[in-house]
Amino acid sequence: LIRCVVCLIFVCVYVWSNRCLLSSLLLLLCVYIGSIISPSLLLVVFFLMIRRPPRSTLDRSSAASDVYKRQTLYDILAHRALDNFLSESTYLTDPAYKYSISDTIVFADNRKFAEHNFYFNDTLFGKELGLSLLQDLTRFHLMDKYPGPLVDLDIKRFKFAKTNSNHIFKDSLYLQSLKTELGKYNWFNYSPHISALIAEQYFNYGQKNIPPGENFSLAYKYCTDAINRFPNAIGTENCKKLASIISKKSGAVKVESVQIPDKPFRIYFEYRNVDTLEFRLIPVSMKQKRKFDNEDGERQIKYASELPYSKKWKQYVPNTGDFNQYGVEFMIDPLSIGSYILLAYDSSESKNFVSSVTPFQVSNLCLVSNNENGYYDNSDAESFYVVDRTSGQPIPDAKIETYETNYHYAVSYTHLRAHETVLDLVCRLLLEKKNKKHKKNKKKNTKQKKQKQTSKEVYYQPKNKTHSTDK
């Protein structure tokens, strides 16, 4: 009876993990016969059951069945050893020995990689131990029903090979290996992680513009395909983030800091994923310009959008839809002398908008500075020349205003007043601190006196004031 109960428990666990009734019945017969012959065979069967992958669902929308990477105690310990052996930070204190792999078999299929015999120069070196351990783990999971652990090992192997290979085409081999892996396990819901790695490689190609072409489009395509196949998988989150980065709108306006008055001039607009922009030309006073310069980032854009503008227009730019960065130039009508801010913003209602703000001046004058020693020093004199921007001729009787900002590290960040030394500054700050403390104590004393007076008035107030009307 005990043997039958043990056999039924083993069969139930096996059915729960594999969902195969015929193999469960065969296991029941084998376990029962084996328990009669030798009870120690039950331990062997138990070990085989532990080694089998857990029950999983092939539903493409199942996020719970997304990771099958650490199934046994051997997997857990082996992967922790791999993380140590294959990490570059482990070898920071080692001598300058550059480990490299010349064999392209590390980019091959998992079965070919498992059957290959590597020649190791130093069998005790960490990375060679890691490569050998990768082979052992790959052989261990080659016959698994579900490919989760095998896919995880292949991805770790491809990354290791890309980092340590000395092959001239290692990036192409890495990309081709990932594509082969994706084509083999496209049905599996761990495949979005492979798609994210392929898209990341194409995105890096697009950043470096090598080779020039549709790198961003291919990266976006792999991300969207993975999102459509498995929208709720864990690896899909990486695809969503990368797709949002690729499709994000960006733009920047470049204008020369000073323009010649009453003449048209050109501006350069560098953009990505933008087709229509609205421009505002905002004339500003010196006070408004100083306030604008004191702000930064989004505050500058917000401040400029609140100022009145003299001109507003809409500009169309070509958008090919390949997510690459382009640049166009267009003309601005002649302007009079003054300071201006050029605000460019996306007029679409989408949250993914772009805005840019650029200050510039329109002037006939040009200030040229010259230092006698060729370098700047507080003790050296500096000469200034004011010339005409168009002809280059000097302006007679020109007047300029200079100012200096100093930082006193011993006290605080402040400005030196006119005819004031650092010692005067320290005395002034100490005096201001003393006056501030005196005012604070005086305010505190007056407040306490008022509280005492109010408390006395309340104490001497008559209790019954209702009879005063009768009197």
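FYI, the numbering just counts along the sequence from 1.
Listed for the E306 side chain is no donor-acceptor partner under 3.5 Å among the backbone atoms of Y303. The backbone N or O of V284 sits nowhere less than 3.5 Å from a side-chain atom of S339 that would complete a donor-acceptor pair. T138 contributes no side-chain N or O that, together with a main-chain N or O of N110, makes up a donor-acceptor pair within less than 3.5 Å. The main-chain N or O of K162 is never found under 3.5 Å from a side-chain atom of S165 such that the two would form a donor-acceptor pair. Side-chain N or O atoms of S132 include none that pairs as donor or acceptor with a backbone N or O of E128 at under 3.5 Å. Listed for the Q393 side chain is no donor-acceptor partner under 3.5 Å among the backbone atoms of D388. Looking only at distances, no side-chain donor or acceptor of D152 sits under 3.5 Å from a matching main-chain atom of G148. No donor-acceptor pair under 3.5 Å is formed between the side chain of S217 and the backbone N or O of E214. Side-chain atoms of Y268 never come within 3.5 Å of backbone atoms of A252 as a donor-acceptor pair (strictly under, hydrogens ignored).
Separation of atoms CD1 (I267) and CD1 (I332) is listed at 4.0 Å; rounding is to 0.5 Å. Note that CG of N189 is 8.5 Å distant from OG1 of T236, once rounded to the nearest 0.5 Å. Here K241 contributes atom NZ and I246 contributes atom CD1; the two are 14.5 Å apart, rounded to the nearest 0.5 Å. The CG atom of L178 sits 10.0 Å away from atom CD of E200, with the distance rounded to the nearest 0.5 Å. Taken to the nearest 0.5 Å, the CG atom of N364 stands 7.5 Å off from the CD1 atom of I260.
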| query | Run the side-chain contact (heavy atoms from CB on, under 4.5 Å) check on N324 and R272 step by step: do they pass? | reply | CA-CA 6 Å; N324 285 319; R272 176 181 288 169; 5.9 Å; no
| task | Decide yes or no on side-chain contact (heavy atoms from CB on, under 4.5 Å) for D171 and Y205, but give the supporting numbers first. | result | CA-CA 10 Å; D171 291 335; Y205 282 159; 3.3 Å; yes
| query | For Y345 and S356, what are the C-alpha separation, side-chain angles and deciding distance, and is it a side-chain hydrogen bond (donor to acceptor under 3.5 Å, both in side chains)? | reply | CA-CA 6 Å; Y345 63 94; S356 174; over 6 Å; no
| said: The test is side-chain contact (heavy atoms from CB on, under 4.5 Å); show your working for L153 and K156 and say whether it passes. | reply: CA-CA 5 Å; L153 286 168; K156 188 168 285 190; 5.6 Å; no
| said: Quick one, F169 with T104, criterion side-chain contact (heavy atoms from CB on, under 4.5 Å). Give me CA distance, side-chain angles, the key distance, then yes/no. | reply: CA-CA 10 Å; F169 298 116; T104 58; over 6 Å; no
| task | Show the numbers, then the answer: is there a side-chain hydrogen bond (donor to acceptor under 3.5 Å, both in side chains) between K248 and N273? | result | CA-CA 7 Å; K248 185 179 180 181; N273 306 325; over 6 Å; no
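Residues satisfying the side-chain hydrogen bond (donor to acceptor under 3.5 Å, both in side chains) test with N204, not counting sequence neighbours, are none. For D103, the side-chain hydrogen bond (donor to acceptor under 3.5 Å, both in side chains) partners two or more places apart in sequence, or in a different chain, are H116. Evaluation of the salt bridge (Lys or Arg N to Asp or Glu O under 4.0 Å) rule for K291 yields no partner, not counting sequence neighbours. Scanning for side-chain contact (heavy atoms from CB on, under 4.5 Å) contacts around K179 gives L175, Q176, I198, Y202, Y222, with sequence neighbours left out. Listed by chain and residue number, nothing satisfies the ring pair (Phe, Tyr, Trp, His ring centres under 6.0 Å) test with Y174 (two or more places apart in sequence, or in another chain). Listed by chain and number, the residues in a salt bridge (Lys or Arg N to Asp or Glu O under 4.0 Å) with D397 amount to none (sequence neighbours excluded). Applying the ring pair (Phe, Tyr, Trp, His ring centres under 6.0 Å) rule to F160 yields no partners; only residues at least two apart in sequence or on another chain are considered. The side-chain contact (heavy atoms from CB on, under 4.5 Å) search around S102 returns N166, not counting sequence neighbours. Here K312 pairs with nothing under the side-chain hydrogen bond (donor to acceptor under 3.5 Å, both in side chains) rule; sequence neighbours left out. In this structure D296 satisfies the side-chain hydrogen bond (donor to acceptor under 3.5 Å, both in side chains) test with no other residue, sequence neighbours excluded.
A 6.0 Å sphere centred on CZ of R389 holds more than 12 heavy atoms belonging to other residues, nucleotides or ligands. Counting non-hydrogen atoms of neighbouring residues, nucleotides and ligands closer than 6.0 angstrom, the CD atom of E256 reaches no more than 12 such neighbours.
By the 6.0 Å and 45° rule, R157 stacks over the aromatic ring of F113.
Within the structure, salt bridge (charged side-chain N to carboxylate O under 4.0 Å, His left out) contacts touching residues 320-329 (residues at least two apart or in different chains) are R266-E329. Each salt bridge (charged side-chain N to carboxylate O under 4.0 Å, His left out) pair with one or both residues in residues 330-344, not counting sequence neighbours, appears once here: K311-D333.
Considering only heavy atoms from C-beta on, C366 stays 4.5 Å or farther from V386 through its side chain.
Taking the six-membered ring for Trp, F279 and Y309 have ring centres at least 6.0 Å apart. Taking the six-membered ring wherever Trp is involved, the centroid distance between the rings of Y190 and Y185 does not fall below 6.0 Å.
Salt bridge annotation for R229-D225: absent, with no cationic side-chain nitrogen under 4.0 angstrom from a carboxylate oxygen.
Between the side chains of Q361 and Q259, no donor-acceptor pair is found at a separation under 3.5 Å.
The minimum heavy-atom distance linking R280 with S305 is given by the pair NH1-O, 3.3 Å.
Note: F323 and Y220 have tilted aromatic rings, judged against thresholds of 30 and 60 degrees for the angle between ring planes.
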